[in-house]
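Below is one structure, written out as structure tokens, with a few remarks after it.
Quick note: residue numbers are just sequence positions, from 1. Since we're looking at a predicted model, the values are computed, not measured. When reading the values below, keep in mind they use all heavy atoms of this one structure, side chains included, and skip hydrogens, waters and symmetry mates.
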Amino acid sequence: MFSPKDITPTESIEQELKTYQDYLQQEYRSDMGADVIDRMDIIGGYMARSGKLKADAEWHYNKLVDSEIMKCLTDMLHEKLSTSTVNKLIEAKARDYKYLLTWAERLNRSCTHQLDCLRSVLSSLKAEKLTFGK
């Protein structure tokens, strides 16, 4: 059975995601090709890392859900809880991990969209240079 190694702790996931979020929200000089290229390089790295962070956050989430399911099943037998109540209890217990998972997924997608946009900006700058640079 496969067992992943080097799982990022949740506190580190949160810190890295905050760093990426702050960077993605920063303004940049879209009229300067070098700035656009630098930003593309940085975001490319963030995209790769945020994919790993998403997987790590999902691992933490699933680990918690698994342990909570076992606890809730025991409680369900003793306290006669309904399945929907058990599901709500598990969701409530796992909300912080679900938040990290969703955030990592959204940041990963934001990186993809920003890279697409930056490619368009770079193409536009190249076209302007060819048109007006002569």
Side-chain angles (χ1 to χ4, degrees):
M1 176 180 217
F2 174 73
S3 181
K5 295 178 181 35
D6 299 323
I7 301 295
T8 310
T10 53
E11 298 80 19
S12 298
I13 293 172
E14 181 181 23
Q15 196 62 304
E16 281 190 66
L17 292 177
K18 182 177 179 345
T19 299
Y20 302 165
Q21 182 78 45
D22 291 345
Y23 185 81
L24 290 171
Q25 289 178 208
Q26 284 179 2
E27 292 184 16
Y28 65 96
R29 298 276 319 258
S30 61
D31 60 338
M32 301 294 294
D35 289 353
V36 172
I37 291 169
D38 288 345
R39 188 169 178 87
M40 289 174 76
D41 288 342
I42 291 168
I43 291 175
Y46 286 173
M47 187 169 72
R49 181 67 182 150
S50 65
K52 168 75 164 87
L53 294 176
K54 178 191 176 290
D56 291 351
E58 192 164 18
W59 184 88
H60 287 293
Y61 173 79
N62 288 332
K63 183 178 176 189
L64 179 71
V65 166
D66 185 47
S67 68
E68 288 302 318
I69 286 173
M70 296 313 292
K71 286 181 198 170
C72 286
L73 285 175
T74 302
D75 292 346
M76 194 169 119
L77 291 174
H78 293 13
E79 298 177 28
K80 297 188 172 70
L81 298 174
S82 70
T83 304
S84 62
T85 301
V86 168
N87 286 337
K88 291 295 180 189
L89 285 170
I90 292 169
E91 284 177 23
K93 294 274 188 177
R95 73 178 177 273
D96 293 340
Y97 293 134
K98 183 71 170 182
Y99 173 80
L100 285 179
L101 173 58
T102 303
W103 190 12
E105 182 178 16
R106 294 307 312 151
L107 277 178
N108 188 264
R109 288 183 185 188
S110 292
C111 287
T112 301
H113 296 308
Q114 278 205 24
L115 283 172
D116 289 343
C117 179
L118 289 166
R119 279 195 219 48
S120 296
V121 168
L122 199 55
S123 293
S124 180
L125 289 172
K126 286 179 182 178
E128 283 179 22
K129 185 176 181 183
L130 290 175
T131 304
F132 299 110
K134 295 183 178 182

Between atom CG of L53 and atom CD of E14, what is the distance when rounded to the nearest 0.5 Å? 12.0 Å
What residues form a side-chain hydrogen bond (donor to acceptor under 3.5 Å, both in side chains) with S123, not counting sequence neighbours? none
Please determine whether residues M32 and L118 belong to a single hydrophobic cluster, defined as Ile, Leu, Val, Met, Phe, Trp and Tyr linked transitively by side-chain heavy-atom distances below 4.5 Å. no
Mind checking side-chain contact (heavy atoms from CB on, under 4.5 Å) for L122 and listing every partner two or more places apart, or none if nothing turns up? V36, I37, M40, K126
What is the distance from atom OH of Y28 to atom OH of Y23, rounded to the nearest 0.5 Å? 9.5 Å
All pairs passing side-chain hydrogen bond (donor to acceptor under 3.5 Å, both in side chains) where residues 108-117 contributes a residue, at least two apart: R39-Q114, S50-N108, E105-R109, D116-R119
Under the side-chain hydrogen bond (donor to acceptor under 3.5 Å, both in side chains) rule, collect the residues that match up with R49, sequence neighbours excluded. T8, E16
side-chain contact (heavy atoms from CB on, under 4.5 Å) against K18, all qualifying residues, sequence neighbours excluded: Q15, D22, W103
Can you get from L100 to M47 by hopping between Ile, Leu, Val, Met, Phe, Trp and Tyr side chains that sit under 4.5 Å apart? yes
Residues two or more places apart in sequence or in another chain: which of them pass side-chain contact (heavy atoms from CB on, under 4.5 Å) with I7? P4, D56, W59, H60
Partner set under side-chain contact (heavy atoms from CB on, under 4.5 Å) for S67, not counting sequence neighbours: L64
Is it the case that over 12 heavy atoms from other parts of the model lie below 6.0 angstrom from the NZ atom of K93? no
For Y20, the ring pair (Phe, Tyr, Trp, His ring centres under 6.0 Å) test, sequence neighbours excluded, returns Y46
If you group Ile, Leu, Val, Met, Phe, Trp and Tyr by side-chain heavy-atom gaps below 4.5 Å, do Y61 and Y99 land in one group? no
Side-chain heavy atoms nearer than 4.5 Å, only ILVMFWY residues, links allowed to pass through others: does that put L17 and Y97 together? no
Is it possible for you to say whether L107 and L101 belong to one hydrophobic cluster, with membership spreading through side-chain heavy-atom contacts below 4.5 Å? no
Residues forming a salt bridge (charged side-chain N to carboxylate O under 4.0 Å, His left out) with D6, sequence neighbours excluded: none
Excluding sequence neighbours, so at least two apart, what forms salt bridge (charged side-chain N to carboxylate O under 4.0 Å, His left out) with D96? none
Taking side-chain hydrogen bond (donor to acceptor under 3.5 Å, both in side chains) as the test, write out the residues that go with Q25, two or more places apart. Q21
For R29, give me all partners under side-chain hydrogen bond (donor to acceptor under 3.5 Å, both in side chains), at least two apart in sequence or on another chain. D31
